[in-house]
Amino acid sequence: EYMNIPFRPYINNNTVFSSSIIRKRTNLVDEEKKDTKRFSELLLSSYLLYKLRNLGKESYSFNYDLLEKSGIPNLHPLNDDGVRGGTLSGRQGRRFIPILKKAGIKSVIDLRGGDSSSVYADICRKNGLNYYHIPIDSEKMDSKDIIDKLPELFDVMNKGKFYIACAQGLHRTDIAVAMNYLFNPKSSSVPPKMYGHISSSGFKPQGIFNRTNNVFKNMTQEDKNKLGLSDFSEKDYKKKKKILSSANEKYAEQYAKLN
């Protein structure tokens, strides 16, 4: 005889996930114990998968669900009360700008360099959003120019409710988010996921660390003081970089399993 047994644990007041198993009823005690263990494992794996997919969403001070349903390209959550995605400067992307405002986003961080435009800034401001042009480039920019912009970048990110993007919301965005984790003492302690450098073949961090290594190498003590990193040593930097790399290797393993 078979019976459907629904299980509906409540994660919070707004979110419910459910799973159902088909369990064979038996009078044997050993079989009952094995079945209970299988049910527990199923429940745990379902819960962990839910937490992975909804990392940080419960703690946002803005409406992430509204943004997620809107169709913004390459939208992903960040642990610093913000989101990342592709630029919304094009004609197709501009329709999402009022949605950012409606969802409670306060600031737009544009990481593009020569491919940025004043039109995008004007549209953001007309919709009540703060616009910050903080160019980050993986190769061409002088590291000193990036270092000079880090206090502004971190200040905006520390306030939360931000939307950060380069052209596609991938490679340059990864670099900016990585630098926030590595060099911002007020950033989340949870290593961010480097979406633009993860694929089914693994995590390829060279493009990120080539830039962050160069930035750290060219930081003066005065630069570190401005960032609140007075005692931040090369050993500290390598330790955080290793944590970031290890976490994304795990993320890449999860990505390969799901794809």
Side-chain angles (χ1 to χ4, degrees), residues 51-52 55-56 59 74 76-84 109 111 113 132 134-160 162 164-166 168-257:
K51 295 301 289 184
L52 175 64
L55 182 64
S59 62
N74 292 325
H76 295 292
L78 290 171
N79 302 315
D80 297 282
D81 197 32
V83 289
R84 56 179 289 172
I109 304 171
L111 300 171
Y132 298 90
I134 306 176
I136 299 291
D137 195 288
S138 58
E139 297 177 357
K140 298 178 182 179
M141 282 186 68
D142 189 304
S143 292
K144 193 60 182 173
D145 292 334
I146 294 178
I147 293 169
D148 290 342
K149 282 288 189 177
L150 290 183
E152 181 183 18
L153 174 65
F154 297 165
D155 182 61
V156 177
M157 296 182 77
N158 289 340
K159 292 175 182 176
F162 62 86
I164 186 168
C166 55
Q168 294 181 313
L170 296 173
H171 304 100
R172 284 176 286 183
T173 304
D174 275 355
I175 292 171
V177 171
M179 286 196 291
N180 181 60
Y181 172 74
L182 293 169
F183 304 133
N184 182 0
K186 295 182 180 179
S187 69
S188 170
S189 60
V190 180
K193 190 172 182 178
M194 303 284 97
Y195 292 93
H197 293 78
I198 287 177
S199 67
S200 56
S201 60
F203 175 50
K204 307 297 183 182
Q206 290 85 355
I208 299 170
F209 292 148
N210 284 345
R211 174 50 83 183
T212 62
N213 288 346
N214 201 256
V215 165
F216 179 76
K217 179 181 177 181
N218 286 281
M219 274 188 186
T220 65
Q221 187 59 47
E222 183 180 359
D223 294 327
K224 292 182 181 180
N225 293 342
K226 289 180 181 178
L227 296 172
L229 297 173
S230 302
D231 301 321
F232 192 67
S233 66
E234 184 175 2
K235 182 179 180 181
D236 296 326
Y237 168 62
K238 289 182 176 179
K239 181 179 179 180
K240 291 202 74 172
K241 192 172 71 167
K242 184 176 181 179
I243 294 172
L244 179 62
S245 184
S246 297
N248 277 276
E249 287 170 3
K250 294 293 184 183
Y251 292 145
E253 290 176 8
Q254 294 162 355
Y255 177 87
K257 290 177 181 178

Any donor-acceptor pair under 3.5 Å from T173 side chain to C166 backbone: yes

Contacts of Y181 that satisfy ring pair (Phe, Tyr, Trp, His ring centres under 6.0 Å) - sequence neighbours left out: none

Under 3.5 Å donor-acceptor, D174 side chain and H171 backbone: no

Heavy-atom closest pair, residues A256 and S200: CB-O, 4.1 Å

Distance, nearest 0.5 Å, that separates CG of D231 from CG of D236: 8.5 Å

Within-4.5 Å side-chain heavy-atom neighbours: E152 and K149: yes

More than 12 heavy atoms from other groups under 6.0 Å of NZ on K144: yes

Any side-chain heavy-atom pair of L227 and P151 under 4.5 Å: yes

Rounded distance (nearest 0.5 Å) linking atom NZ of K238 with atom CG of N213: 9.0 Å

Side-chain H-bond candidate by donor/acceptor type, N225 with S230, under 3.5 Å: yes

Pairwise side-chain contact, F216 with L182, heavy-atom cut-off 4.5 Å (strictly under): no

Under 3.5 Å donor-acceptor, D145 side chain and M141 backbone: no

Donor-acceptor contact below 3.5 Å, side chain N214 vs main chain N210: no

Shortest non-hydrogen contact between P185 and G228, atoms and distance: CG-O, 3.8 Å

Nearest atoms (heavy-atom pairs only) where I175 meets I208: CG1-CA, 4.1 Å

Audit row: Y132, F162, side chain to side chain contact (heavy atoms under 4.5 Å, CB included) steps and yes/no: CA-CA 10 Å; Y132 298 90; F162 62 86; over 6 Å; no

Distance (rounded to the nearest 0.5 Å) between I134 CD1 and M157 CE: 9.0 Å

Derivation and outcome, side chain to side chain contact (heavy atoms under 4.5 Å, CB included), residues M219 and L150: CA-CA 11 Å; M219 274 188 186; L150 290 183; 4.0 Å; yes

Heavy atoms of other groups near Q221 CD, more than 12 under 6.0 Å: yes

Cation-pi geometry met for K224 and F232 (6.0 Å, 45°): no

Y195: ring pair (Phe, Tyr, Trp, His ring centres under 6.0 Å) partners, not counting sequence neighbours: H76

Under-4.0 Å salt bridge between K257 and E253: no

Qualifying residue, where the test is side-chain contact (heavy atoms from CB on, under 4.5 Å) with V190 and the options are P192, S187, S188: S188

S246 side chain vs K242 backbone, donor-acceptor pair below 3.5 Å: yes

Candidate pair F203 and Y255, rule ring pair (Phe, Tyr, Trp, His ring centres under 6.0 Å), full reasoning: CA-CA 10 Å; F203 175 50; Y255 177 87; over 10 Å; no

Rounded distance [0.5 Å steps], CG in N248 versus CD in Q254: 10.0 Å

Minimum heavy-atom distance between A247 and P191, given as atom pair plus value: CB-CB, 3.6 Å

N/O donor-acceptor pair under 3.5 Å between R84 side chain and N74 backbone: no

Side chain proximity check, R211 to S143, heavy atoms < 4.5 angstrom: yes

Atom pair CG/CG of N184 and L153 - distance to nearest 0.5 Å: 8.0 Å

Validation row: I164, L78 side chains within 4.5 angstrom (heavy atoms): yes

Atom pair CG (N218) and CG (D142), whose distance is rounded to the nearest 0.5 Å: 7.5 Å

Pair K159 + D155, salt bridge at N-O below 4.0 Å: yes

